[in-house]
Amino acid sequence: MRATEGSDTGPAAGERGQLFNLAYRLIGSLADSEDAVQEAYTRWYALPPARRDAIASPGAWLTTVTGRICLDVLRSARVRRERYVGAWLPDPLPDPDERGAAQTADPADRMVLDESVTMAFLVVLEAMTPAERVAFVLHDVFRYPFAEIAVVLGRTPAACKQLAASARRRVPEARPPEAADVRTEAVRRIKLAWEDKDIVSLVDVLDPAAVMTVDGGGLAGAAPRPIEGGARIAPYMTAIADRAPGMRLVERSVNGLPGLVALRDGTVVTVAAFDIAEGRVHRIWVIRNPEKLRPWRTSVGPGPLTAERPAPPATPAGPAASVPAGARPVPRWCRPRG
């Protein structure tokens with residue numbers, strides 16, 4: 001029998017939120033994360049009651065199982081993504097407070113929006129091997145010791161330490177964090193120029209070496225390859241506006257940072273995340289695949305953008321209130337650009 005949210009009882013009941021936070025950071029897909037957590041609970045409830053009672057830490061057991069499941073998913077995902085139409089991007093996350101959904105059962109609404117779920121960071125994780133990603137996320141984000149990570153990966157603690165070190169080398173050198181008001185203003189400038197189909201203003205806010213990646217999954221129109229250069233991105237954006245009369249742009253948080261949501265006839269059709277430095281847009285990640293927009297399908301009102309969440313304190317002294325239980329903020333040295 002499949003365990004459900006309402007049927008969770010006992011010491012394992014309170015682990016679902018953290019497990020989903022872990023799975024999303026490991027996989028980048030909401031649907032696959034839900035399935036991974038569900039499978040972990042299915043295996044937990046399949047244990048004889050006496051076996052469950054003998055497990056000292058149900059949370060640690062569930063974390064280990066979830067990590068192994070996610071590792072298998074990552075390995076198979078590489079094959080599946082070779083068949084994916086166009087670019088693949090992680091699922092975008094809304095801010096539950098903005099859509100008035102903080103108390104719903106949607107797993108996306110239990111996600112802790114910190115620096116380890118920004119689109120820039122998740123895209124960096126995609127460049128890692130499955131084993132590197134698991135070692136890096138468990139150790140550098142959730143602060144699990146390598147001895148426990150070794151159980152998940154089936155390797156020695158020393159090998160897991162090497163995997164995490166290799167993963168860190170894939171993370172771009174951090175730059176000074178952009179002020180929240182600068183991010184918000186840059187996104188607002190993009191919105192206004194896009195609405196006005198103003199190529200000159202778009203080029204002005206885009207970095208000359210900016211890159212736009214669009215994920216349509218073969219289910220929505222999208223550029224088959226990344227578009228490079230602000231001078232090429234600007235006319236592409238205005239062409240989209242020309243082909244979508246009645247499209248309305250709304251400023252909303254995307255994975256915890258200022259972004260844009262496009263609606264047609266009240267339905268969310270596009271979500272855009274941005275990497276901003278020195279007041280200019282360096283990267284744009286556009287998700288148009290409708291299967292990835294499920295958490296955004298509730299009504300998106302015309303209200304102003306909620307203020308960017310402040311970065312959690314970067315202290316190794318213990319869990320912060322803004323990160324999942326058992327996790328710590330991403331160390332400043334490994335924070336992604338933007």
Side-chain angles (χ1 to χ4, degrees), residues 1-77 96 102-112 114 116-117 130-131 133-161 163-164 312 316-329:
M1 179 178 68
R2 288 173 64 85
T4 63
E5 183 82 18
S7 68
D8 287 351
T9 59
E15 302 294 334
R16 188 177 289 268
Q18 170 157 328
L19 294 174
F20 186 78
N21 272 273
L22 171 63
Y24 175 75
R25 287 161 174 80
L26 289 177
I27 300 175
S29 162
L30 290 171
D32 287 346
S33 298
E34 289 181 64
D35 289 344
V37 173
Q38 184 63 61
E39 176 60 23
Y41 270 98
T42 298
R43 296 183 189 183
W44 169 259
Y45 287 111
L47 295 174
R51 173 81 182 281
R52 291 203 302 267
D53 292 341
I55 295 175
S57 175
W61 188 94
L62 285 164
T63 297
T64 298
V65 173
T66 301
R68 288 172 175 169
I69 294 170
C70 290
L71 181 62
D72 290 339
V73 171
L74 286 170
R75 288 167 173 162
S76 65
Q103 302 303 315
T104 73
D106 192 327
D109 294 327
R110 295 195 298 270
M111 185 64 64
V112 176
D114 64 15
S116 63
V117 293
R133 184 166 181 168
V134 171
F136 178 79
V137 170
L138 282 174
H139 183 267
D140 287 46
V141 178
F142 286 83
R143 292 307 193 198
Y144 278 83
F146 287 117
E148 295 182 19
I149 298 172
V151 177
V152 176
L153 292 177
R155 306 193 186 196
T156 65
C160 293
K161 186 175 182 179
L163 284 169
S322 60
V323 295
R328 295 180 185 175

- Query: What orientation do Tyr144 and Phe142 show, parallel under 30°, tilted 30 to 60°, or perpendicular over 60°?
  - Reply: tilted
Shortest non-hydrogen contact between [X] and [Y], atoms and distance:
| X | Y | result |
| --- | --- | --- |
| Leu74 | Ile27 | CD2-CA, 4.2 Å |
| Arg16 | Gln38 | NH1-OE1, 3.9 Å |
| Ser116 | Arg25 | OG-NE, 2.7 Å |
| Ala147 | Pro157 | CA-CG, 4.0 Å |

- Query: Looking at Thr66, Leu71, Val65, which one forms a side-chain contact (heavy atoms from CB on, under 4.5 Å) with Ile69?
  - Reply: Val65
- Run the numbers on Phe20 and Leu30 for side-chain contact (heavy atoms from CB on, under 4.5 Å), then give the verdict. CA-CA 9 Å; Phe20 186 78; Leu30 290 171; 3.6 Å; yes
Between [X] (side chain) and [Y] (backbone), is there a donor-acceptor pair under 3.5 Å?
| X | Y | answer |
| --- | --- | --- |
| Arg155 | Cys160 | no |
| Arg52 | Pro58 | no |
| Arg75 | Ala131 | no |

Non-hydrogen side-chain atoms of [X] and [Y] separated by less than 4.5 Å:
| X | Y | answer |
| --- | --- | --- |
| Trp61 | Glu15 | no |
| His139 | Glu148 | no |
| Ile55 | Leu47 | yes |
| Asn21 | Tyr24 | no |
| Val151 | Arg68 | yes |

- Message: Using side-chain contact (heavy atoms from CB on, under 4.5 Å), reason through Ser33 and Val37 one step at a time and then give a plain yes or no.
- Response: CA-CA 6 Å; Ser33 298; Val37 173; 5.6 Å; no
- Task: With side-chain contact (heavy atoms from CB on, under 4.5 Å) as the test, would you mind laying out the steps for Leu153 and Leu138 before giving the verdict?
- Result: CA-CA 11 Å; Leu153 292 177; Leu138 282 174; over 6 Å; no
- Gap separating the CG atom of Leu163 from the CD1 atom of Ile149, nearest 0.5 angstrom: 9.5 Å
